[in-house]
Each structure stands twice: as structure tokens, then as C-alpha cells.
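Only one structure is covered here, and it is reproduced in the block below.
Remember, it's a predicted structure, so these values are computed and weren't measured experimentally.
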Amino acid sequence: MNLLKSLSIVALMSISSLAAAGQKSAVANFNVIPMPSSVEIDEKGHPFVIDKDTKIVWYADLEKEAKMLQGYIEDATGLKLPLSTEPQKGAITLAVNPTVKKGAEGYRMKVCGCGISIASQTTAGVFYGIQTLRKALPIGEKKKKVEVPAATIEDSPRFAYRGAHLDVCRHFFNADSVKIYIDMLAMHNINRFHWHISEDQGWRIEIKKYPRLTEVGGTRPATVIGHNSGRYDGKPHSGFFTQEQAREIVQYAADRHITVIPEIDLPGHMQAALAAYPELGCTGGPYHVWQKWGVSDEVLCAGNPNTLTFIKDVLDEITQIFPSQYIHIGGDECPKKRWKSCPKCQAKMAELGFTDSGKRKPEERMQGYIMQEAEHFLASKGRKVIGWDEILEGGLGPDVTIHSWRGIDGAVQAARQGHDAILSPTSHMYFDYYQSKDKDSEPDAIGGYLPVEKVYSFNPIPSELTADEAKHIIGVQANVWTEYIPTFKQVQYMALPRFAALCEVQWCAQDQRDYAQFLQRLPRLAALYRLCGYNYAKHVVK
Ligand code: ACM
Ligand code: ZN
């Protein structure tokens, strides 16, 4: 059934069921975001009625998912359903079933008068079915019964990598806020949380071998006011995550089928680390945790052998905290000014034979050397790396994944060279940009203009790629940099409802996407935002 038809049938169903049900029941509605691949409403079938005695039956490893569904239903409707592991009719049943051939994260949901079943080959797929059911529920209508229309839903995502990033360095957000952010990702079927935890303006993760990283690097004495105005607020800004807290966040995310990918940004964006360990810089310092925004010239000294030891020691602890297949090692915006005038760096480049004669500048090859050392170290631990698209300039190993942010050219080049790529072009995926042209009515932002409609319009497969090359585009990610985002409420405002548009880019087939229909579905998701207490921008939905 095409989407328009299925939407209008769902709308009709809602009206007729409401009329039939009078005041007694509220009615669920599968006009959700992201829209499932296929929703077949059985017009003749009886709806399933959820009341306080309806059981959630779970099998195998699905206890956490069952509890999560129980919580979602209670939050939305006030009905706290009992859990059971006894097979029975008239229940909501969650099952892992290898015969549901919908891919690793796909699921099938069947609703009839005798129950709801959500089945998938994996617990992750069941979780996405739960998200769809949760978003179909009537929000906040505290009735004793909820009618769910008879339907068959078949669903699976377009991309395996569906990411969202958060910079907790420019402004620090505590563990409770990060968990809420993870809840926001789960609501949008996002499965990768790219956690930016090292920066010029603050080092945010405990590293036991280098305690000064957080003791010194975790605090900046003041922050510049506005856009590098030259005036400072005089207020220290501090915060970091202990390894124990970070592990708890990793588990919290894993429970929601989200992998945390940490980023240690190398070899630039390191001024906070240099404030803690000045001997790792070309000049020896002194350095301060940076108090303004931009790209700092103070980077790790490439000629100091302790630099590579430091990188490997830090990454070693990072791999012990974060079990993700990928570790993000940054590589963006590393000025080479200090290296050019540093005798140690120059001697190292000469030793490695990096001369001016090659097609790459010696300093670029030097950066490539450092990134490859990090990559090889992580490979020895069974991990793979992601780097920002600048790392294409220094030479890189075949297994490296490119994170294209300065447009999509990085992804095109990467895919043509046989590298996997993730797309986060500033044009469509930088959620620190303004959402409205009326900047005076908006909180201060970094610049740019990225309304929901533009996010929605993004087709992540660059048209210049062949079908084979396009297989290297593993997914899409939005980035939330926080120079101009001092509070978590404002993080939410910048992310929502742009995450709603993002998740259809990530989840739905290209030919299934329709902005006008998306806007019709958005108010029900916004009701869920309100129920969860999320702050969201109101330009396209009230
Ligand atoms: C970036 O925005 N510097 C990756
Ligand atoms: Zn140096």
C-alpha cells in the first residue's frame, strides 16, 4: 500500500473507532516518525484493546525491552501493564524469531483482536517495533482502554549507521543530561551516539594514567562572551566523566540498542590536554584551557616521542571503557603552524623522509603518520577508526571510515577509494546552526541556517557515486557542537524537532519520504516530546 493511502486509512480508522468507542477508549495511530516501511491496516479486522490487565509477554532475552515498553505505555496512558513469560492470547508479545527475515534491525508487528505481536531476528529489531508501538499510542489521554487498529507492519532501516553527536566539551552536560539525550536518540531509532569528549576548551573523560587531564584540563577559568568578543565572563566552567560514569552511560545506551562511539580528537583540538601536560606541545607552554572559540594553533608536538606514548595510553584506557567497534580519532582542523617552526617536529619529518618533493606536504604526511599510529594501535585491540574528512589528506589505511563534514566530497572521495563513509555535511547535518532566518528571535547560534525542511531534504547517497561505490555510505549523522549552547534545554531545542527529520533520512527509503506528510505526522511526536518534558523548537510544529 502506498503511504498516502495508508495514512488516510489510519486517519479514517481513528475517527470511526473514536466514534464507536465513545469516551471509554483512546485510539492508537500508526502515523509515526520514522514512518515504517509498510503499514497495512486491516479495515475489517477488530482492533486490539489494551487495558490494565493486558500482559506484556516476553521470551528469551527481552526482559529489558519488555520493561521499557511497560514504562512507555504507563507514561503515555497511565496503564501499568503486568509482565509475563507465559505464552497467552490477548497479550502484547515480544519475541526473537529467526524466521522474520527483515535484516538485523527490522521487525514485524501484527495487531489483531487477539493481541499484538512484535517479532524480529534480533532484540534490536524488537526494540524498534516497541518504539513504533510506543509512538502510536495516544499521548496523555488517560482512558481505561486503548484501541490499537488491526494492522500488519513490516519495517527495516535504510542505513545501518544512524548517528547523533554531542559535544560535552565546549559546554559540559552531566551524566543525567547525557542519559536524557540517549533517550532522545532511542525515540528516533538512532543507534550510534558519537560522544565528543576531548577539546581545546575542556577534557571531559577521566584517564587514570594522566590525572591532570581532568584535574587541570577539565576546567577553564572563564569563557569568552558571544562570538569571540574579547570580553570574558570570569566564571570557571568545569566537568568531566569518571570512567565509572562513562561505563554506566555505555550500558544505558546499550540497553537502548545504541552504541557509544567516543571521540578523542587528534592531533589538534588538544589545548586542554596541553594545559595539563605542556611538555607534549611544540613550545612547552605554558598553555591554558582555551577560553574562546575557533581553531587553536596549539596542537600535540609530532616530534616528541612521548606524544605517541600519550596517544596510545589514552586510547588504551578509552578501549577499556568503550566496547564499540569504532573509536573516533578526530583529525579535523589541525593547524601545522607550530610543527613548521618546531625543531623536534622538523627532525622527525626528516627522519621519516617526509620532504617537500612529494605530492603531499610533509606536515600533512606527519599528521597521516600520527593518525596511522593511532589506527594501528587500535587495530591491535581489535578496533576500527573513524576520522573527519581531513584525514584523507595525510594518507590512511584501508579500514578507516571517513566522516565527511566539509560537504559531501570527503564521502565521495572515500567511497571511490574503497573506504566506508558517514555523512555529516555542515549544509544539512550541523544542528548548531540557526533554525530560523529571524535570528533575533532565536538563541544565539554559531551561524548558518538549517531549517527542518532542509534536514529532511537530504539524500545521503551522492549522485556521482556508482551503485557499488554507494555501498560504502554506511550512514548519516547529525552533529551538535556546543560553543553557543550553554544549557541542556538548549541542546534539546537545537536537536528537536530536527532529529525527527534526521531519523526519516536515516531510516526511511528515499522514495518513501514526503515532507508534507512528515509535517502531518509531526504533531503526534511533539506531543511525546511534551510528555517527556523535552524542549523543542516550534517553527514547524506547536
Ligand atoms: C568539525 O566540525 N570540526 C568536524
Ligand atoms: Zn613539535
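T482 places a side-chain N or O within 3.5 Å of a backbone atom of H171 that can act as its donor or acceptor partner. N228 places no side-chain N or O within 3.5 Å of a backbone atom of G294 that could act as its donor or acceptor partner.
Because its NZ or CZ atom is both nearer than 6.0 Å to the ring centre of Y128 and within 45° of the ring axis, R162 counts as a cation-pi partner of that residue. With F127 as the aromatic partner, R256 does not meet the cation-pi criteria of under 6.0 angstrom to the ring centre and within 45 degrees of the ring axis. The cationic atom of R498 (NZ for Lys, CZ for Arg) lies less than 6.0 Å from the six-membered ring centre of F431 and within 45° of the ring axis.
No close placement of the H194 and W481 rings is indicated, their centers lying 6.0 Å or farther apart. Checked against the 6.0 Å centroid threshold, F310 and Y210 count as a close aromatic pair. For F241 and F172, the distance between ring centers is under 6.0 angstrom. Between H472 and H419, the distance from one ring center to the other does not fall under 6.0 angstrom. Checked against a 6.0 Å centroid threshold, the rings of H165 and F193 do not count as neighbours. Ring pair Y456/F518: centre-to-centre distance below 6.0 Å.
Residue R383 is tested with I327, I318, L315 for a side-chain contact (heavy atoms from CB on, under 4.5 Å); the sole match is I327.
Smallest separation of non-hydrogen atoms from Y277 and R212: OH-N, 3.0 Å. In terms of heavy-atom proximity, N479 sits nearest to Y430 at ND2-CE1, 3.2 Å. Here the closest non-hydrogen pair linking Q435 and H539 is CB-CE1, 3.7 Å. Residues I391 and M371 come closest through the heavy atom pair CG2-CE, 3.9 Å. E298 and Y287 make their closest contact through OE1-CE2, 3.3 Å (heavy atoms, listed as atom of the first residue, atom of the second, distance).
Shown here is K337, whose NZ atom has no more than 12 heavy atoms of other residues, nucleotides or ligands within 6.0 Å. Within 6.0 Å of the NZ atom in K384, the count of heavy atoms belonging to other residues, nucleotides or ligands exceeds 12. Other residues, nucleotides and ligands contribute at most 12 non-hydrogen atoms within 6.0 Å of the CD atom of E244.
Partners of V540 by side chain to side chain contact (heavy atoms under 4.5 Å, CB included), not counting sequence neighbours, listed by chain and number: V452, P497, Y515, L519, L522. Residues passing the ring-ring contact (aromatic ring centres under 6.0 Å, His included) test with H428 are F458, sequence neighbours excluded.
A salt bridge between E317 and K209 is absent, with no side-chain N of the basic residue lying under 4.0 Å from a carboxylate O of the acidic one.
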